[in-house]
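Accompanying notes for the structure given below.
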Number of protein chains: 2
Amino acid sequence: MTQNNHSGHVMAMEASSTITLSDVAQAAGVSVSTASRALNGLDAKYRISRSTAEEVRRVAGELGFRPNQAARAFRSQRSGLVGVVVPDIANPFFAAIAREVTLAAEQHQYSILIADSQESTLREQNLLQEFVSRQVEALVVCPVGVECQHLVAIHQSNLPLVLVDRVFPQCEMMQVTSQHRTGAQLAAELLLANGHRHIGVLQGLPGTLPNDERLQGLRETLHSVGIPFDSEFVDGNNFTEVSGYESATRLLSRHPEITAFFALSTPNALGALRASAGLGRSVPDDLSIMTFDDSPFADFMRIPLSTVCQDVQKLGEQAASIVVSALRDGKMPPPTLQQFQVTVVQRSSIESARL
Amino acid sequence: MTQNNHSGHVMAMEASSTITLSDVAQAAGVSVSTASRALNGLDAKYRISRSTAEEVRRVAGELGFRPNQAARAFRSQRSGLVGVVVPDIANPFFAAIAREVTLAAEQHQYSILIADSQESTLREQNLLQEFVSRQVEALVVCPVGVECQHLVAIHQSNLPLVLVDRVFPQCEMMQVTSQHRTGAQLAAELLLANGHRHIGVLQGLPGTLPNDERLQGLRETLHSVGIPFDSEFVDGNNFTEVSGYESATRLLSRHPEITAFFALSTPNALGALRASAGLGRSVPDDLSIMTFDDSPFADFMRIPLSTVCQDVQKLGEQAASIVVSALRDGKMPPPTLQQFQVTVVQRSSIESARL
DNA sequence: GTGAAAGCGCTAACAC
DNA sequence: GTGTTAGCGCTTTCAC
């Protein structure tokens, strides 16, 4: 690392002696209240004369007046903040959701407070408390997904809260996720159609809705064709590559008859790819892989992964739209559980099972 | 999409009639000031009796007192906020930086305001103004990178500001980026060693330091071995896949003698992969590709991309550490330009040029 | 049409 | 050791 210390640098200008509303009022020759009204575009409501209002705004612009949002938020009880909590900002899935919400919020003059729970429910709780005490006007949460009391409490306090992805169907809240069960069924049908009968499942975080609904979808499809669903063939504890690697390794050694993996996340699938390489099983001829969630790299992979795609943009947009309408109307939207369609993209990671 | 409207739902409990500091004080039988001190852990400083302090805290806990951070921020002029502005939250590079900063901030009880400039300097300016008026105590900005006056102004107002990635060496600020020039030189040497003499450059956003330093590194290395650097062989206007696709297509049709591409970003390289497929040039036998920035998918690609890797985590950590120390010490760190080492990872996207 | 003035909930002099 | 009190910058009720 190189480091160039600039020398002789003078820390210029004291924090440009902030212009306050009363400065503007004084300069414009009006009272603070008139200035406030004019600057908030309340001319009509308070029947401020056109000339006065414009003069105030002109002066404010000239002085470079920036209303102190902290003061404004405090006084008006409107922070102009929307809180977003996700388990991992760097995960493309959550990043995409954060992005949609952020863009929507920016459009409506709200700012976004973001936090990373690092997949810890405890952290999630604390971060949410923090956001609540910062007076956020709405929350979008991609929860860790195994506990929900703290979320219910927030919802009940009448603070608009939208859950995304790992939702809680038993709770009456605003929730947005995908049709995981259907997705898994489609995936299972594809594997069955290719002759796979011994399917190993690399699961993510057990107890979360996406994980469990996917398992259930698979189970149902297998049952429907008379194949028993053996929990011995399910392994994994997280939506991570490490979990995928470890569970794939264990499953392959315990059940060499496995001809296909159903990974419940893309990192899980990548782990499986590494594991199978290490164990001399080649994909797809020797081992098929089906996964969840798409990535922009999918088409460029050595073994392009067949996958169940969620419409991440739609999830984010919908979450944003619920939040925005709650903020606009000032009332809680009705609690709903929305589940968006998924699509299956078949790529070469699936081959017919060898007989 | 399915939609289950829960019915008969009662919007319970009014926003739990917020407990204020004076409620706590009253309940504990002390004045607000004592309560404030006790709750802020200033017992020692104000020599509050152990029993009183503990009683106050007990009562506060019992009542579920949550200090109104908006009020606190307003009064104390300490918002406890750090602003982060990036050109695209969903871009893994920026997401990783945002994550490091967020985690560091959370550790120090700060919250993160995040915003997405969408590669627009104008938006960047507005977002920064917004953050300033929200009284952020520090800013981390991955700027669009072609204009810097607005950033200089912020720096001069004595608000701690750290620039990451697309920095401005001519400005005296706190800046963190990679050794782009060196990286490009290493990349160029690798291409030269493989016999490539006609190298097409798929550039990103011209005028930004990473882009221009990389071009310069390439130029220098070519010159050093007596190969002229022809700007005819440089095309592109953005760090995006679209730009990469278009510039690769143009370059290949105008200069079919090109045997290798140097893409200045991974999306640029993906665009080149698509373009070359369309034009019947196969990578790597018929066309080599070298790129910048790594991705977790690199090892799984059909044509694993050779790349110059930046240490994203270090960039983020360093930005965070500068910010944290500025916040802790309450003074501006010295303006520095730090450039972190890069490493070259050679993968199979590079082959010897056909003679 | 405009101004005066009362706080929002909290912190920090200052008083004793 | 603890209480009293004056605001922070703004919005908003009430007065005129």
Side-chain angles (χ1 to χ4, degrees), chain A residues 15-57 59-60 63-81 132-135 137, chain B residues 15-57 59-60 63-81 130 132-137:
Chain A
S16 53
S17 53
T18 345
I19 314 287
T20 85
L21 181 63
S22 84
D23 294 336
V24 176
Q26 207 165 344
V30 298
S31 69
V32 283
S33 27
T34 301
S36 169
R37 290 159 184 153
L39 292 173
N40 285 334
L42 301 178
D43 330 17
K45 187 172 174 194
Y46 286 92
R47 311 193 310 157
I48 293 173
S49 75
R50 196 172 175 67
S51 58
T52 310
E54 279 174 359
E55 171 65 2
V56 169
R57 287 192 279 259
V59 169
L63 266 50
F65 170 66
R66 296 278 148 196
N68 179 330
Q69 299 291 355
R72 192 209 279 260
F74 171 49
R75 176 59 234 232
S76 66
Q77 311 281 39
R78 295 196 51 257
S79 65
L81 294 173
V132 168
S133 64
R134 282 189 187 271
Q135 319 277 85
E137 295 181 46
Chain B
S16 52
S17 53
T18 343
I19 313 286
T20 85
L21 182 62
S22 83
D23 294 336
V24 176
Q26 208 164 345
V30 299
S31 69
V32 282
S33 31
T34 301
S36 169
R37 291 161 185 154
L39 292 172
N40 286 334
L42 302 178
D43 333 17
K45 187 171 174 193
Y46 287 92
R47 310 194 312 158
I48 294 174
S49 77
R50 198 170 173 70
S51 59
T52 310
E54 278 174 359
E55 171 65 2
V56 169
R57 288 192 279 258
V59 169
L63 266 49
F65 170 66
R66 295 279 148 196
N68 179 330
Q69 298 291 355
R72 192 209 278 262
F74 171 50
R75 175 57 235 233
S76 66
Q77 311 281 38
R78 295 196 53 256
S79 64
L81 293 174
E130 175 69 21
V132 168
S133 64
R134 282 189 188 273
Q135 319 277 88
V136 294
E137 294 180 46

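In the text below, chain A, chain B and the rest are named by the order of the sequence lines, each starting its count at 1.
Taking only side-chain atoms of A:Gln77, from C-beta outward, the nucleotide of D:dT13, C:dG9, C:dT11 with the closest atom is C:dG9. The side chain of A:Ser49 lies closest to C:dT2 when the candidates are C:dT2, D:dC10, D:dC8. Comparing atom distances between the B:Val30 side chain and each of D:dG9, D:dG3, C:dT11 picks out D:dG3 as nearest. Closest to the A:Leu21 side chain, of the nucleotides D:dC10, D:dG3, D:dT13, is D:dC10. When distances are taken from the side chain of B:Arg47 to each of D:dC14, D:dG3, D:dG1, the shortest belongs to D:dG1. Of all nucleotides listed (D:dT2, C:dA6, C:dG3), C:dA6 comes nearest to the side chain of A:Arg75.
Straight-line distance from the CG atom of A:Leu39 to the P atom of D:dT12: 14 Å, rounded to whole Å. Counting to the nearest Å, the C1' atom of D:dC16 and the OH atom of A:Tyr46 are 16 Å from each other. Atom CD in B:Gln135 sits roughly 9 Å away from atom P in D:dC10 (whole-Å rounding). One atom, CZ of A:Arg78, and another, P of D:dC10, lie 16 Å apart when rounded to the nearest Å. Taking atom CG of A:Leu42 as the reference point, atom P of D:dC10 lies 15 Å away to the nearest angstrom. Nucleotide C:dG9 holds its P atom 12 Å from the CD1 atom of B:Ile19, rounded to whole Å. Rounded to a whole Å, the CG atom of A:Asn68 is 18 Å from the P atom of D:dG7. Taking atom CD on B:Gln26 and atom P on D:dT4, their separation rounds to 12 Å, with Å as the unit.
Both B:Arg66 and A:Ala53 lie near DNA chain C, and the one whose nearest nucleotide falls closer to the 5' end is A:Ala53. Each of B:Val32 and A:Ser22 was assigned the nucleotide of DNA chain D with the nearest heavy atom; the assignment lying further toward the 5' end belongs to B:Val32.
For the pair B:Ile48 and B:Thr52, the tightest heavy-atom approach, listed with the atom from each and the gap, is CG2-CB, 3.9 Å.
Both thresholds, 5.5 Å between centres and 30° between ring planes, are not jointly met by A:Phe74 relative to the base of D:dC10, so the two rings are not stacked.
The shortest distance between the side-chain N/O atoms of B:Asn40 and the OP1/OP2 oxygens of C:dT11 is below 4.0 Å. Note on B:Ser36: a side-chain N or O is less than 4.0 Å away from OP1 or OP2 of C:dT11. In this model, the phosphate group of D:dG9 is not approached by any side-chain N or O of A:Thr20 to a distance below 4.0 Å at OP1 or OP2. In terms of phosphate contacts, B:Thr34 brings no side-chain nitrogen or oxygen within less than 4.0 Å of OP1 or OP2 of D:dT2. At D:dT2, one or more side-chain N or O atoms of B:Thr52 fall inside 4.0 Å of OP1 or OP2 (strictly under the cut-off). The side chain of A:Ser33 places no N or O atom within less than 4.0 Å of a non-bridging phosphate oxygen (OP1 or OP2) of C:dG3.
Under the side-chain contact (heavy atoms from CB on, under 4.5 Å) test applied with A:Leu39, the options A:Thr34, A:Leu21, A:Val59 reduce to a single match, A:Leu21.
One distance of note links CG of B:Asp43 with CZ of B:Arg57; it measures 4.5 Å at 0.5 Å rounding. Atom CZ of B:Arg134 is separated from atom CZ of A:Arg66 by 13.0 Å, given to the nearest 0.5 angstrom. If you take OG1 on A:Thr18 and CD on B:Gln77, they are separated by 8.0 Å, rounding to the nearest 0.5 Å.
For a distance-only test at 3.5 Å, the side chain of B:Arg72 fails to qualify as a donor-acceptor partner of the base of C:dG9. The base of D:dG3 sits within donor-acceptor range of the side chain of B:Arg37, with an N or O pair under 3.5 Å.
Judged purely by atom type and a 3.5 angstrom limit, B:Glu137 uses its side chain to pair as donor or acceptor with the backbone of B:Ser79.
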